[in-house]
2 protein chains.
Amino acid sequence: MLNSYSSADKVLLAVDCIIFGFDLEGLKILLIKRDFEPEKGKWSLIGGFLKRDEVLDDAAIRILNTYTGFNDIYMEQLYAYSEIDRDPVERTISVSYYALINIENHNAELIKNYHAQWFSIADAPHLIFDHNEMVQQAIRRLRYRTSIKPIGFELLPEKFTMRQLLELYEAILSKELDKRNFISKINSLEILNKLEEKDMASSRKGSYLYTFNKEKYEEKLLNDFVLNL
Amino acid sequence: MLNSYSSADKVLLAVDCIIFGFDLEGLKILLIKRDFEPEKGKWSLIGGFLKRDEVLDDAAIRILNTYTGFNDIYMEQLYAYSEIDRDPVERTISVSYYALINIENHNAELIKNYHAQWFSIADAPHLIFDHNEMVQQAIRRLRYRTSIKPIGFELLPEKFTMRQLLELYEAILSKELDKRNFISKINSLEILNKLEEKDMASSRKGSYLYTFNKEKYEEKLLNDFVLNL
DNA sequence: AGTTATTTGTGTAAAAACTACACTTTTAAG
DNA sequence: CTTAAAAGTGTAGTTTTTACACAAATAACT
């Protein structure tokens with residue numbers, strides 16, 4: 001058998017991060033101008049190489065932190081990309097990760113020292129290597145996730161209106177949803193607290209603000225469900 | 001930035017294959033007695049190392065072929081496992097793949113020259129490294145796949161009875177299904193051809209044999225659906 | 001002070017999907 | 001000819017999903 005360790009080839013293992021955010025303009029991803037060759041100066045996912053003494057999950061967190069200053073972001077592994085020439089310099093396999101984060105909560109850090117920038121998904125630039133494909137796959141995964149787990153805590157501000165939540169789901173699914181049906185389905189999950197307080201910025205009438213009920217939200221995260229929107 | 005290629009660590013990249021089969025006894029997986037150290041002689045998933053000039057999908061196919069003689073098996077990538085000491089000899093990241101195959105069609109090859117063996121999922125032995133975890137994850141994925149794609153072509157013989165199909169789904173989902181409801185849901189997919197011919201082996205009355213309508217089956221593979229069983 | 005314009009908030013009826021459930025048919029074996 | 005074993009088949013009740021429209025609130029304007 002050829003299968004001895006010594007005869008096996010070693011390769012570089014990269015991690016690339018698809019970071020989703022959401023604001024008034026819709027669903028966004030976080031990109032950086034690549035600061036080393038090749039493709040220096042081109043737009044790219046946030047990425048880096050796995051270290052010998054590091055698991056992939058930690059590498060993803062470290063790499064994200066390096067480029068954005070973000071801490072404690074939970075990321076999920078997506079897929080390993082292995083086309084021979086995906087990186088022209090050296091054989092590199094890349095494992096993609098994705099995360100959802102709240103743009104407002106994290107923007108201060110970004111603006112301070114880092115070069116990462118948010119792009120609306122619709123008008124994101126062409127990315128290096130196979131990063132556009134990674135983004136597409138991450139969007140598919142995000143849509144799937146939407147159908148089996150609640151989404152929101154990560155992407156919305158602490159207090160939000162039903163409209164914001166609706167628009168978040170519409171952005172993720174890229175389709176229009178019926179307002180009344182959406183509200184009743186979301187309410188049936190019982191993960192929201194309706195506040196007394198209203199947001200008067202968005203309309204004359206004002207709209208009630210909600211928060212996520214953290215305990216119930218976490219509980220729903222553990223157990224999958226089916227949410228047909 | 002630390003991010004130069006030359007300073008990055010290289011690692012071994014393995015591929016491990018979870019091969020599902022199905023027969024009278026239920027859902028099975030294919031295992032081998034590992035033929036090299038460490039853990040030589042222990043039961044293991046079929047696995048090997050990625051070569052420098054090979055993509056992961058091809059590595060999975062090659063490795064499966066090496067240990068079983070099987071050709072043309074379509075495998076799907078699952079997940080990259082990267083615990084530091086998952087392999088005690090050397091830092092190795094392993095990407096798992098899974099496939100569904102028809103035991104009868106492929107057994108002749110196996111018996112001839114190879115050492116792989118089928119085990120019922122329920123009484124599979126303890127596996128080396130993190131392979132048991134890989135199997136568990138593959139089962140979860142298989143269940144999910146069942147809800148969005150038709151399953152059968154790969155696992156059943158050319159001609160099969162409704163009972164066989166039902167039992168396949170029951171084995172995958174590990175739950176009992178209502179016969180009549182199952183049949184009507186499957187029929188609504190319109191992927192089966194009902195033959196004139198009956199299988200007289202399983203009962204006095206005999207039961208009609210079916211084949212998959214290959215075109216419609218492939219079509220359904222492309223477009224996800226939701227199948228609530 | 002009254003009018004206007006804008007967004008919020010709310011319920012229902014019809015259609016579709018899902019579930020639970022039992023008896024007759026067929027024929028090989030004895 | 002009787003028996004035994006599995007196949008095959010339909011429906012009514014329930015739940016879920018869908019489509020759909022108008023009144024309420026108030027800030028902005030005149």
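Letters A, B, ... are given to chains in the order of the sequence lines, protein chains preceding strands, and every chain is numbered from 1. Quantities reported herein were computed from a predicted structural model and do not represent experimental measurements.
Remark: C1' of C:dC18 and CG of B:Asn187 are 16 Å apart, rounded to the nearest angstrom. Separating the CE atom of A:Met200 from the P atom of D:dA24 is a distance of 17 Å, rounded to the nearest angstrom. When rounded to the nearest whole Å, the span between CG of A:Asp178 and C1' of C:dT12 equals 13 Å. Atom CG in A:Leu177 sits about 14 Å away from atom P in D:dT17, given to the nearest Å. Rounding to whole angstrom units, CZ of residue B:Phe182 and C1' of C:dA17 are separated by 17 Å. The nearest whole Å value for the distance from the CG atom in B:Leu229 to the P atom in C:dA20 is 13 Å. When the C1' atom of C:dT6 is taken as reference, atom CG of A:Asp199 falls 14 Å away, rounded to whole Å. Between the CG atom of B:Leu227 and the P atom of C:dT19 there is a distance of 11 Å, given to the nearest Å.
A:Ser174 approaches A:Arg143 most closely through the heavy-atom pair OG-NH2, 2.7 Å.
Here B:Met162 lies out of heavy-atom contact (under 4.0 Å) with every strand. Residue A:Ser202 is classed as a sugar-phosphate contact, given heavy-atom separations below 4.0 Å to backbone atoms only.
Contact annotation: A:Lys198 does not reach the phosphate of D:dA25 (side-chain N/O to OP1 or OP2, under 4.0 Å). Side-chain N/O atoms of A:Lys179 include none lying less than 4.0 angstrom from OP1 or OP2 on C:dT7.
Among C:dT7, C:dT27, C:dT10, the nucleotide with an atom closest to any side-chain atom of A:Arg163 is C:dT7. Across C:dT8, D:dT18, C:dT19, the shortest atom-to-atom separation from the side chain of A:Ser207 is found for C:dT8.
You won't find any donor-acceptor pair under 3.5 Å spanning the side chain of A:Lys205 and the base of D:dT26, going by distance alone. The base of C:dA17 lies outside donor-acceptor range of the side chain of B:Asn228, with no N or O pair under 3.5 Å. Between the side chain of A:Arg180 and the base of D:dA21 there is at least one donor-acceptor pair of N/O atoms closer than 3.5 Å. For D:dA25, its base never sits under 3.5 Å from the side chain of A:Arg204 at any donor and acceptor pair.
Note that CG of A:Asp57 is 7.5 Å distant from OH of A:Tyr74, once rounded to the nearest 0.5 Å.
Checked by atom type and distance alone, the side chain of B:Asp130 never pairs as donor or acceptor with a backbone atom of B:Glu133 at under 3.5 Å.
If B:Gly206 and A:Ile183 are placed on DNA chain C by their nearest nucleotide, the residue sitting closer to the 5' end is A:Ile183.
Two rings, from A:Phe20 and A:Phe22, have their centers 6.0 Å or more apart.
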Decide salt bridge (Lys or Arg N to Asp or Glu O under 4.0 Å) for B:Lys149 and B:Glu76; before the verdict, give the C-alpha distance in whole Å, the side-chain angles of both, and the deciding distance to 0.1 Å. CA-CA 13 Å; B:Lys149 308 264 189 198; B:Glu76 259 181 52; over 6 Å; no

